[in-house]
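Order of appearance sets the numbers: ligands from 1, and atoms from 1 within every ligand.
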Amino acid sequence: MSPGFEIAFRAGGAAAVFACMMLWESFAPRRHLTVGRRPRWPGNLGILAIDIVAVRLLVPTAAVGVALIATARGWGLFPLMGLLGWAAIVAGVVALDLVIYVQHVIFHHVPALWRLHRMHHADLDLDVTTGVRFHPLEILLSLAIKMAAVVTLGVPALAVLIFEVLLNATSMFNHSNVALPPRLEPIARWIVVTPQMHQVHHSIERSETDSNFGFNLPWWDRLFGTYREKPAAGEQAMTIGLPIFRDVAESRIVRLLTQPFRSAH
Ligand SMILES: [Zn+2]
Ligand SMILES: [Zn+2]
């Protein structure tokens, strides 16, 4: 696959999912937004632009490039175990999902890492743009962790590409202000993390913030006891965000970038 095609495939796919979710939440919003789009979108989308530039400038080869090198040299656990072809691709996607689940739990429990990650949680509303709002330092750190996992396991490049495209899409989907039909949602959350399931993770209540860590696959939360069906205050009444950074001015891009280094306002 040529690098040009790969970039076009990623960008085109992400833009299409973003547009679909944006339209869906405009026509059928799940919750009434408290501060709305206007104060938040410039900051959230500005962060996305900074993240894209930071990754392209600092780690241009990224995880797919590392996977190509690792596979060509036969590095990693998968080749050692004889996992090849499609088995390695499926195992690679599932294993990377487990890695980011564990990473997410660690980012909540190690204070220095929580400072980076809490900027994602400080969003006062949940919508498609929350799904791309991650501090650039968190993005670079997760990329380094993903690259280490790819080399250690010997994940094929195609699995890395599938995983990254999937993660972008599901992150935008499960942060969107949309609701799956009530009959379908309880079934869907056995297969994929749904917006209603991830909403619990954005509760202001710490015990709820520390639940439903999954991004793609919902199984890890159920397996490791971090699953919560719904927020105590109810889906409509619950407060989104954190006890700190509740000022709308905290949605501005400079404030978002400096939040990890500030204790309050
Ligand atoms: Zn989190
Ligand atoms: Zn989230």
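Among protein atoms, those of element N, O or S found less than 2.8 Å away from the Zn ion (ligand 2) are His120 NE2, His175 NE2, His198 NE2, His202 NE2.
No option in Ile52, Ile50, Leu58, Leu256 other than Ile50 meets the side-chain contact (heavy atoms from CB on, under 4.5 Å) test with Pro136.
Atom CZ of Phe27 has 12 or fewer neighbouring heavy atoms from other residues, nucleotides or ligands inside a 6.0 Å radius.
Classified by interplanar angle (parallel below 30°, tilted 30° to 60°, perpendicular above 60°), the ring pair His108/His104 is perpendicular.
Computed with the Zn ion (ligand 1) at the centre, the His117 NE2 to His104 NE2 angle is 90°, stated to 10 degrees.
Asp127 has a carboxylate O that lies under 4.0 Å from a charged side-chain N of Arg40, or vice versa, which qualifies the two as a salt bridge. Salt-bridge annotation for Glu250 and Arg262: present, with a side-chain N of the basic residue lying under 4.0 Å from a carboxylate O of the acidic one.
Not counting sequence neighbours, Glu138 has no partner by the salt bridge (charged side-chain N to carboxylate O under 4.0 Å, His left out) test.
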